[in-house]
Amino acid sequence: MTFQGYLRKDGKAGARNYVAVIPSVVCSNEVVEAIVQNTVMTQGIIHHQGCCQTPPDLERITDCLVKIGENPNVGASLIVSLGCEGVDTDRLEAALRATGKPVERINIQELGGTSAAIQAGIDAAQRLVLAISGQQRAAVDLSNFTMGIKCGASDTTSGVASNPVIGYVADKVVEAGGTVIFGETTEFIGAEHILQRRAKDERVASEIARIVTEMEDRAKAVGVDMRKGQPTPGNIAGGLSTIEEKSLGAIVKSGTKTIEGVIGYTEAPRGKGLWIKDSPGREIELLSGMAVGGADLILFSTGRGAPQGFPVVPVIKICGNPLTYARMDKDMDVNAGLIVTGEKSIEEVGEEVLAMLLRVASGETTKGESIKYTKSMDFYCLGPVI
Amino acid sequence: MQELEKAIKNHEADNVATLFGEVKAGARVRVLDKKGSAVEMTVKDDIPYGHKIALAPIAKGQEVTKYGEEIGVATAAIAAGEHVHVHNIDSIRGRGDWAKKGEAR
């Protein structure tokens with residue numbers, strides 16, 4: 001199985017070829033937005049971190065920004081630094097240069113402020129766009145492809161329709177030699193025993209138990225029932241009563257293959273096949289975690305209608321609820337609700353999604369991309385803002 | 001006659017089914033299992049789209065089972081055909097409130 005991708009020096013292949021305009025800290029976001037508005041092929045990596053955080057979190061943000069620049073959908077990077085942030089911008093720049101992709105860096109304080117930085121940033125972004133815009137797509141085997149998967153704004157159709165469809169496609173991608181990442185550790189609670197049975201070995205099984213215990217303990221430490229936080233009020237209105245019910249429906253999207261290992265939030269899979277990323281359930285941090293893990297594309301299942309996209313990674317929306325699809329068909333790419341109504345089988349919709357995945361990986365635009373719903377991101381931190 | 005709304009029983013061990021339709025108390029629904037065989041039953045409450053109904057009586061404290069797995073415990077006795085949701089089942093996971101009260105689980 002092949003798609004038309006941008007082959008990168010590390011052997012990975014991109015579904016897109018963007019200039020990532022990367023604020024090293026929240027304070028650079030305004031400049032980044034102005035640069036992106038005035039250029040083509042650019043995407044801003046708008047986040048709200050990078051200063052006044054504990055050292056482990058600052059390390060974490062630096063690692064995440066490096067990994068976004070390394071993502072195969074990024075052809076070049078422009079780092080927009082304020083000048084006094086906690087993120088290690090020297091390490092960020094050095095790591096991005098090591099990828100062999102073009103990199104530029106500007107410093108707002110040194111350039112004389114916001115307007116001067118916007119001008120210098122547009123010039124720098126223009127140079128990067130011109131440097132990579134001539135790159136051509138070529139046929140690439142799916143073994144060079146990484147897919148992220150996610151479910152959001154779930155209801156009870158997610159577990160019977162849209163998540164089984166993603167599970168079907170995840171199995172196909174793994175069988176074709178590709179890589180699949182799934183996360184949302186919170187939504188393993190009550191279903192971890194099933195995932196453990198699919199672990200490659202004892203060590204991976206115990207890693208799964210560890211991340212679930214840590215996530216549950218973090219929620220319990222607040223001293224309340226986590227219901228309403230997870231499952232969310234929307235999940236509950238949709239008929240999901242408990243985290244266990246949500247989890248059992250959620251893990252279906254990981255398919256049936258062996259779980260090769262567990263990776264941390266800032267890590268990418270260490271090999272091919274199916275991997276778990278320790279990550280929370282909320283969309284913005286989860287989608288970012290998938291991009292950090294090197295995802296070319298994300299399959300996103302929903303029941304109530306989650307519209308989120310991501311700056312540099314196309315997100316295909318698969319809707320399990322036929323009523324939601326009818327209401328939100330300009331956000332939802334695939335109507336898996338036809339499974340609930342008995343008009344189509346999981347396999348039929350699965351094959352449709354697999355075909356769409358190859359087209360989108362080769363350049364076709366998703367509904368969310370076409371209306372620029374692509375800015376929902378932030379990074380998941382563990383410590384406080386200080 | 002109008003076609004009955006459908007509920008899906010995901011696993012043979014389940015004591016609840018998920019209704020993909022919206023019905024009023026007293027309505028008849030068709031409960032389909034994985035193999036496609038169906039039984040009819042009467043619901044006792046108004047049930048919103050995507051919500052669960054009890055397939056058999058569930059005692060207070062008994063496990064509620066969907067996908068063949070525990071999804072919570074009943075906090076009240078539930079009769080067959082009743083709406084099963086947050087008002088009559090509780091999660092046993094993520095219960096920081098139990099830890100606070102010092103309940104050992």
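What you are looking at is a predicted structure, and each value in this text was computed from that prediction instead of being measured. Here is how names work: the chains are called A, B, and so on, in the same order as the sequence lines, proteins then strands, and each is numbered from 1.
- Counting heavy-atom neighbours within 6.0 Å of Glu40(B) CD, excluding the residue itself, gives a total above 12.
- You'll find the side chain of Glu192(A) reaches within 4.5 Å of the side chain of Arg93(B), heavy atoms only.
- With a threshold of 4.5 angstrom between heavy atoms, Asp155(A) does not approach chain B through any atom at all.
- Exactly one of Lys52(B), His51(B), His87(B) qualifies for a side-chain hydrogen bond (donor to acceptor under 3.5 Å, both in side chains) with Ser241(A). That residue is Lys52(B).
- Looking at Asn321(A), Val160(A), Thr341(A) one by one, the single match for side-chain contact (heavy atoms from CB on, under 4.5 Å) with Phe20(B) turns out to be Val160(A).
- Considering all non-hydrogen atoms of both residues, Lys66(B) and Thr156(A) come closest at NZ-CG2, 3.9 Å.
- Nearest heavy atoms, Tyr49(B) versus Pro322(A): OH-CD, 3.3 Å.
- The candidate with the highest count of non-hydrogen atom pairs below 4.5 Å against chain B, out of Ile194(A), Val340(A), Ile236(A), is Ile236(A).
- With a threshold of 4.5 angstrom between heavy atoms, Val84(B) approaches chain A through N, CA, C or O but not through any side-chain atom.
- Remark: the backbone N or O of Asp90(B) is not paired with any side-chain donor or acceptor of Thr242(A) at under 3.5 angstrom.
- With chain B as partner, the option from Ile243(A), Thr157(A), Val222(A) having the largest number of non-hydrogen pairs under 4.5 angstrom is Thr157(A).
- Taking a 6.0 Å sphere around CZ of Arg198(A), one finds it holds more than 12 heavy atoms contributed by other residues, nucleotides or ligands.
- Only the backbone of Ala237(A) comes within contact range of chain B, judged by heavy atoms closer than 4.5 Å.
- Remark: Arg95(B) does not engage Glu216(A) in a salt bridge, criterion side-chain N to carboxylate O under 4.0 Å.
- Other residues, nucleotides and ligands contribute at most 12 non-hydrogen atoms within 6.0 Å of the CZ atom of Arg282(A).
- Taking the side chain as every heavy atom from C-beta outward, Glu69(B) and Glu245(A) never approach each other to under 4.5 Å.
- Ile92(B) has its side chain within reach of Glu244(A): a pair of non-hydrogen atoms, C-beta onward, lies under 4.5 Å apart.
- No other option in Ala219(A), Gly190(A), Gly238(A) has as many heavy-atom pairs under 4.5 Å with chain B as Gly238(A).
- Nearest heavy-atom pair, Tyr67(B) versus Leu248(A), reported as atom, atom and distance to 0.1 Å: CD1-CB, 3.5 Å.
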